[in-house]
Protein chains: 2
Amino acid sequence: MSPAANISADDARRAVLQAADELFYAHGIGGVVMSDVRDSSGVSMRRLYAMYPSKSELVAAWLTDRHDRWMTWFTAAVERHVAGGADPLLATFDAIGEWVAAPGYRGCAFINSLAETSELTDSHRTIIADHKRDLVHHLAGLAARDHHDAPEWLPAALAVIIDGAIVQCTIFASTEPLAAARSAVRQLLETIPA
Amino acid sequence: MSPAANISADDARRAVLQAADELFYAHGIGGVVMSDVRDSSGVSMRRLYAMYPSKSELVAAWLTDRHDRWMTWFTAAVERHVAGGADPLLATFDAIGEWVAAPGYRGCAFINSLAETSELTDSHRTIIADHKRDLVHHLAGLAARDHHDAPEWLPAALAVIIDGAIVQCTIFASTEPLAAARSAVRQLLETIPA
DNA sequence: TTGACACGAGAATGATCGTTCTCGTATCGT
DNA sequence: ACGATACGAGAACGATCATTCTCGTGTCAA
């Protein structure tokens, strides 16, 4: 174990990623300075830079970590609503509804980050695109469960609608866009053979 | 007229707004420094600050100007497609398709700006929300033309879908999400009485 | 106990940025 | 032609930031 470290390397990494998540999500990448991460995580500059040699690499680690946690949360939330009797595809809107209504909601971290062009490298953009690809893939899996003969475009269209709702709920600080989107999808799904 | 000004106040304002639009849209607010605006517009720091007393006020002027120009463009593009025989609501997707395919496309300036939390004030957020409200309002007008008995939620849902497509086409650098969204809307509209 | 070492705290560095200021010049009314 | 003035060019200022460095301390092996 490290001689004079106050906490283990694992604990330090966890603390940094948690601080990074809270700060970057709330204030945007450009709105967070490295000393904020130090102050919020309790990990010294020296260890911070030993772990992540630049802010850019910390951002990449944050995006990767957030992808994992968000997908895990989303999957579980959807299954919870499905267990309550919802159609799997409509359940995605119920899950997003929980998120949008939660305190501190500020839209999709990946969409937000992509807008901060000056802070991003191509490897960040790859992580972001992969995140959305995974979402489409997950939606395709859900569609396959109850709507066996759904058109090819359905998962991609649902991903578009979900992202649009996430964005508009942020802009209007309201869940109304999500409700309208859910109504549209319900009506659309009625036309699709099960 | 101003004694020693190289160009008129109107020309200077136009040059600044055009430079601001190109720079802020391409690089984000945080990615543009005031001297970039000076270099790109040819308007000196002194006049720049005489016109807009802070970067924040320049950003507000840019957003307001962009709203006007974007809505004008969008309205005209939709009407052009309607004149070609398209359903007014589907024509919105054709119009967005032109935009997405244009060089330099980088998504919606308002959505992008909203993500740059640390650069924004409440008055910027108001301009952004008003822009999206105007879009919904415009869509409601289009819906009223051919779909007289459309459900209340239709314009809001279409706005969600359009914004989602704008965002996802940016993320994937592709027009495929827009095509999927258009397919979904076409199918949805078939279920709505004219 | 002692020397080598890894660490934390936080100062230092060098760059960048928003904003203001200086200075030399060109213009206007007279 | 002359003083007052408004301007452009760009230096200056003060703040902030990413990143690195210093220094004093605690820890380990022997």
Side-chain angles (χ1 to χ4, degrees), chain A residues 1-20 22-24 26-63 113 116-121 123-124, chain B residues 1-20 22-24 26-63 113 116-121 123-124:
Chain A
M1 51 211 61
S2 23
N6 285 340
I7 57 178
S8 76
D10 277 358
D11 285 350
R13 189 169 296 264
R14 265 187 288 275
V16 168
L17 286 176
Q18 179 178 334
E22 288 165 6
L23 293 167
F24 286 143
H27 307 112
I29 298 170
V32 173
V33 303
M34 289 301 271
S35 51
D36 292 338
V37 178
R38 174 197 55 192
D39 295 344
S40 180
S41 68
V43 172
S44 69
M45 280 288 162
R46 200 184 167 114
R47 282 189 110 182
L48 197 44
Y49 274 89
M51 256 184 283
Y52 304 105
S54 68
K55 184 180 183 180
S56 176
E57 302 205 35
L58 174 59
V59 168
W62 165 56
L63 289 171
S113 295
E116 294 196 67
T117 310
S118 63
E119 307 279 348
L120 291 194
T121 67
S123 85
H124 297 133
Chain B
M1 53 211 59
S2 23
N6 285 339
I7 57 178
S8 76
D10 277 359
D11 285 350
R13 189 168 298 263
R14 264 187 289 274
V16 168
L17 286 176
Q18 178 177 335
E22 288 165 6
L23 294 167
F24 286 142
H27 307 115
I29 298 170
V32 173
V33 304
M34 290 300 273
S35 51
D36 292 338
V37 177
R38 173 197 56 192
D39 295 346
S40 180
S41 68
V43 172
S44 70
M45 280 288 159
R46 198 185 170 118
R47 282 190 107 181
L48 197 43
Y49 274 90
M51 255 184 284
Y52 304 106
S54 68
K55 185 181 183 181
S56 176
E57 303 206 34
L58 174 58
V59 168
W62 165 56
L63 289 171
S113 296
E116 294 196 67
T117 310
S118 63
E119 307 280 349
L120 291 194
T121 68
S123 85
H124 297 133

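Just so it is clear, the values below take in all heavy atoms, side chains as well, and ignore hydrogens, waters and symmetry mates.
Dashed line: the shortest gap from a side-chain N or O of B:Arg47 to OP1 or OP2 of D:dG8 is under 4.0 Å.
With distances taken from any side-chain atom of B:Lys55 to the nucleotides C:dG8, C:dG18, D:dC7, the minimum falls on C:dG18. Nearest nucleotide to the side chain of B:Arg46, out of D:dA18, C:dC17, C:dT22: C:dT22. Side-chain proximity of A:Ser54 to D:dA9, D:dT19, C:dA9: nearest is D:dT19. In the set D:dG10, D:dT19, D:dA9, the nucleotide with an atom closest to the side chain of A:Met45 is D:dT19. The listed nucleotides are C:dT19, D:dG10, D:dA18; the one nearest the side chain of A:Tyr49 is D:dA18. Nearest nucleotide to the side chain of A:Arg38, out of C:dG8, C:dT20, C:dG10: C:dG10.
Rounded to a whole Å, the CD atom of B:Glu119 is 11 Å from the C1' atom of C:dC17. Taking atom CG of B:Asp39 as the reference point, atom C1' of C:dC17 lies 14 Å away to the nearest angstrom. Here C:dA12 presents its P atom at 21 Å from CE of A:Met34, a figure rounded to the nearest Å. As rounded to whole Å, 14 Å separates atom C1' of C:dT19 from atom CG of B:Leu58. Summarising the geometry, the separation between CG on B:Leu48 and P on D:dC7 is reported as 14 Å, rounded to the nearest angstrom. Per the geometry, CD1 belonging to B:Ile29 stands 12 Å off P belonging to C:dG18, to the nearest Å. Rounded to a whole Å, the NE2 atom of B:His27 is 17 Å from the C1' atom of C:dC17. Taking atom OH of residue B:Tyr52 and atom P of nucleotide C:dT19, one finds them 15 Å apart after rounding to whole Å.
Within 4.0 Å of A:Val32, counting heavy atoms only, lie sugar-phosphate atoms of the nucleic acid but no base atom.
For the pair B:Ser40 (side chain) and B:Asp36 (backbone), a donor-acceptor distance under 3.5 Å is absent. The closest donor-acceptor contact from the side chain of B:Lys55 to the backbone of B:Glu119 lies at 3.5 Å or more, if one exists at all.
Salt bridge present: A:Asp11 and A:Arg14 bring a charged side-chain N and a carboxylate O closer than 4.0 Å.
If you check the side chains of B:Arg38 and B:Tyr49, you find no donor sitting under 3.5 Å from an acceptor.
At a threshold of 4.5 Å between non-hydrogen side-chain atoms, the residues A:Val59 and A:Thr121 do not count as touching.
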